[in-house]
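So the structure is just underneath, and the comments pick up after that.
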Amino acid sequence: MIMVWDEFECVTGSQATGCDWEGRLATGTLHVGARQEWMQSATWWREQANAFLAQLANAQAQRYFPQFVEATGGLVVAPQLRIKPAGQPTTYHWQDWQNPLFVPHPNDGALRWDLVQWRDDL
């Protein structure tokens with residue numbers, strides 16, 4: 001689970017850049033930046049639309065506009081940014097905001113930690 005109090009952002013980037021998150025995302029705002037290859041002028045998009053409509057009479061025509069711009073304009077239409085629920089049910093440590101984040105197991109008297117690293121330069 002990712003919990004972001006303010007905003008979660010997938011910044012602008014190449015269409016080859018991916019984000020494949022499996023789990024829960026809790027955020028106030030989700031921003032997904034444009035893929036650079038898709039940032040074309042209105043004229044370019046109009047030309048693509050006209051070319052798409054013109055080729056529909058052809059027997060070998062692309063029937064759908066996204067597949068047409070992928071074939072002719074080099075744009076990738078398969079989603080590269082995916083946020084999907086976890087494949088297995090997950091139980092989180094807290095049930096509501098009144099309970100602590102970490103609780104001891106019923107068979108354990110207390111929480112025990114192993115110190116992995118100590119840093120004084122924070």
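Computed over heavy atoms, backbone and side chain alike; hydrogens, waters and symmetry mates excluded.
Looking only at distances, a side-chain donor or acceptor of Arg35 sits under 3.5 Å from a matching main-chain atom of Gly33.
For the salt bridge (Lys or Arg N to Asp or Glu O under 4.0 Å) condition, no pair includes a residue of residues 51-60, sequence neighbours left out.
Qualifying side-chain contact (heavy atoms from CB on, under 4.5 Å) partners for Pro66, counting only residues two or more places apart in sequence or in other chains: Tyr64, Val77. Here Thr27 pairs with nothing under the side chain to side chain donor-acceptor pair (under 3.5 Å) rule; sequence neighbours left out.
Leu75 is not connected to Val32 by any chain of hydrophobic side-chain contacts under 4.5 Å among Ile, Leu, Val, Met, Phe, Trp and Tyr, and they are in different clusters.
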Which donor-acceptor pairs under 3.5 Å do the side chains of residues 7-20 make with protein atoms, sequence neighbours left out?
residue : atom : partner : partner atom : Å
Ser14   : OG   : Ala16   : N            : 3.1
Ser14   : OG   : Glu37   : OE2          : 3.1
Gln15   : OE1  : Trp38   : NE1          : 3.2
Gln15   : OE1  : Val76   : N            : 2.9
Gln15   : NE2  : Gly74   : O            : 3.1
Thr17   : OG1  : Ser14   : O            : 3.4
Asp20   : OD1  : Lys84   : NZ           : 3.1

Result block: side-chain N/O donor-acceptor pairs under 3.5 angstrom for residues 50-62, not counting sequence neighbours:
residue : atom : partner : partner atom : Å
Asn50   : ND2  : Arg46   : O            : 3.4
Gln55   : OE1  : Gln62   : N            : 2.8
Gln55   : NE2  : Phe52   : O            : 3.1
Gln55   : NE2  : Gln62   : O            : 2.8
Asn58   : OD1  : Gln60   : N            : 2.8

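The two residues Trp5 and Met3 make their nearest non-hydrogen contact at CH2-SD, 3.3 Å.
Summarising the geometry, atom CZ belonging to Arg63 is positioned 12.5 Å from atom CZ belonging to Phe68; distances are rounded to the nearest 0.5 Å. Taken to the nearest 0.5 Å, the CG atom of Leu25 stands 6.0 Å off from the CD1 atom of Ile2.
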